Each structure stands twice: as C-alpha cells, then as structure tokens.
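Reviewing the structure listed below.
If you read the sequence from its start, that first residue is 1, and numbering goes on from there. Bear in mind the structure is a predicted one, so any value in this text is a computation, not a measurement.
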Amino acid sequence: VQLQASGGGLVQAGGSLRLSCAASGRTFSSVNMGWFRQAPGTEREFVAAISWSGSRTLYSDSVKGRFTISRDNAKNTVYLQMNSLRFEDTAVYYCAASMSTLSLRTYAYDYFGQGTLVTVSS
C-alpha cells in the first residue's frame, strides 16, 4: 500500500484544515486507516482511525470533538477534518494502513505514508 498525505499548512489557532491521504496498491476498501502525528522531540501519537467500512471510528481524547475522520472508498482516500485547532496540534501528520485490526496502537499499522506538516500559530 502506498500512502500520500496532503493538506497541511499554516493556520491560526481556532482555524480549520482538512488533511487527505490517497492510497494505492491494494484494495483500499478492505483496509482500516488511521492518522498519527509527531511533534518535534516527541513520539508519534495516535490521532484517529476508521474501519474499512467507515462504520467505526476511534479518536484520541485530545482531538475528540474537534477532529473528524472519514473515508471515500470510491476515491481511495481518507480524510481528517481538523477544527478548532490549537497550538499543541502542531505536528507532522501521518496516515497509516492496517491490514488487521482497528487500533490506536502504532504497531498495529503495516504502512505509513510520508507526513504533512501542520503548524498552528497562537
């Protein structure tokens, strides 16, 4: 599975961004997808995940109620709508694909794409 994330940029606190991740190489509609992020000097952390059908989602406590993960299997794309952005949301965001379980654990994901940088100014 090849993953290509896009949509990052600079935004003021309180603003919104939508990240996209285009997938290719396998049957996208059978793969669970996730978003992770990594700020400088920190470990990669879970943000959100969505099941292959889109019927189940998981969110970290820090983004619940502000971020929404969704997918369009016809377009082989997963999205992360980020609203009410905070300075602490600044990070490189990565999309990931899991061939097995829907999980918030990094080790459950088999593929990671290159990151897209989100910078929130305070």
Side-chain angles (χ1 to χ4, degrees):
V1 177
Q2 290 81 46
L3 303 171
Q4 181 77 33
S6 61
L10 175 64
V11 63
Q12 287 189 332
S16 299
L17 278 177
R18 189 176 81 155
L19 305 183
S20 300
C21 176
S24 62
R26 276 192 68 143
T27 305
F28 177 76
S29 60
S30 64
V31 177
N32 297 316
M33 297 294 295
W35 286 96
F36 291 77
R37 67 186 182 186
Q38 187 168 19
T42 69
E43 294 186 353
R44 190 172 296 186
E45 66 171 356
F46 171 78
V47 176
I50 188 166
S51 63
W52 61 272
S53 66
S55 62
R56 293 178 58 205
T57 56
L58 299 173
Y59 294 95
S60 69
D61 288 343
S62 62
V63 308
K64 197 173 296 182
R66 300 188 298 121
F67 291 10
T68 302
I69 189 170
S70 62
R71 66 190 296 160
D72 185 338
N73 286 345
K75 295 182 178 179
N76 283 9
T77 302
V78 63
Y79 305 97
L80 186 68
Q81 178 66 44
M82 304 186 296
N83 298 330
S84 302
L85 282 161
R86 304 168 180 168
F87 175 75
E88 53 265 35
D89 293 320
T90 296
V92 177
Y93 283 71
Y94 300 88
C95 59
S98 172
M99 303 301 171
S100 55
T101 185
L102 182 68
S103 175
L104 48 75
R105 305 298 181 192
T106 306
Y107 60 72
Y109 290 80
D110 305 282
Y111 302 94
F112 281 82
Q114 97 296 346
T116 186
L117 177 63
V118 173
T119 304
V120 183
S121 61
S122 57

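- For D89 and R86, the salt-bridge test fails: no basic side-chain N is under 4.0 Å from an acidic carboxylate O.
- V118 is not connected to F112 by any chain of hydrophobic side-chain contacts under 4.5 Å among Ile, Leu, Val, Met, Phe, Trp and Tyr, and they are in different clusters.
- Pairing each heavy atom of F28 with each of D72, the nearest pair is CE2-O, 4.1 Å.
- Side-chain contact between W52 and V31 is absent, with no heavy-atom pair separated by less than 4.5 Å.
- Proximity of a side-chain donor or acceptor of S103 to a complementary backbone N or O of R105 within less than 3.5 Å is detected.
- In this structure, C21 SG and Q114 CD are separated by 8.0 Å, a value rounded to the nearest 0.5 Å.
- With sequence neighbours excluded, the residues forming a salt bridge (charged side-chain N to carboxylate O under 4.0 Å, His left out) with E45 are R37, listed by chain and number.
- For the pair M82 and V63, the minimum side-chain heavy-atom distance is 4.5 Å or more.
- Taken together through direct or relayed side-chain contacts under 4.5 Å among Ile, Leu, Val, Met, Phe, Trp and Tyr, F36 and I69 form parts of separate hydrophobic clusters.
- In this structure the side chain of Y94 reaches within 4.5 angstrom of the side chain of V92, judged on heavy atoms.
- The backbone N or O of S84 sits less than 3.5 Å from a side-chain atom of R66, completing a donor-acceptor pair.
- Neither F46 nor V78 shares a network with the other; the hydrophobic side chains, linked directly or stepwise wherever heavy atoms of I, L, V, M, F, W or Y lie under 4.5 Å apart, form separate groups for each.
- Contact between S29 and N73 at its shortest, heavy atoms only, is CB-ND2, 3.6 Å.
- Both L17 and F67 are assigned to one and the same hydrophobic cluster, defined by single-linkage of ILVMFWY side chains at heavy-atom distances under 4.5 Å.
- Partners of R71 by salt bridge (charged side-chain N to carboxylate O under 4.0 Å, His left out), not counting sequence neighbours: none found.
- No donor-acceptor pair under 3.5 Å is formed between the side chain of S98 and the backbone N or O of L102.
- Taking the side chain as every heavy atom from C-beta outward, L104 and Y59 never approach each other to under 4.5 Å.
- Rounding to the nearest 0.5 Å gives a distance of 7.0 Å between OG1 of T106 and CZ of R44.
- T90 and A39 get closest at one heavy-atom pair: O-CB, 3.7 Å.
- To the nearest 0.5 Å, the span separating CE on M33 from OG on S70 amounts to 11.5 Å.
- Nearest approach of T77 to S20, heavy atoms of both residues: CG2-CB, 4.3 Å.
- For the atom pair N76 CG and Q2 CD, the distance stands at 11.5 Å (nearest 0.5 Å).
- With values rounded to the nearest 0.5 angstrom, S53 atom OG is found 8.5 Å from N32 atom CG.
- In this structure, M99 is a member of the same hydrophobic cluster as I50, with clusters built from ILVMFWY side-chain heavy atoms closer than 4.5 Å.
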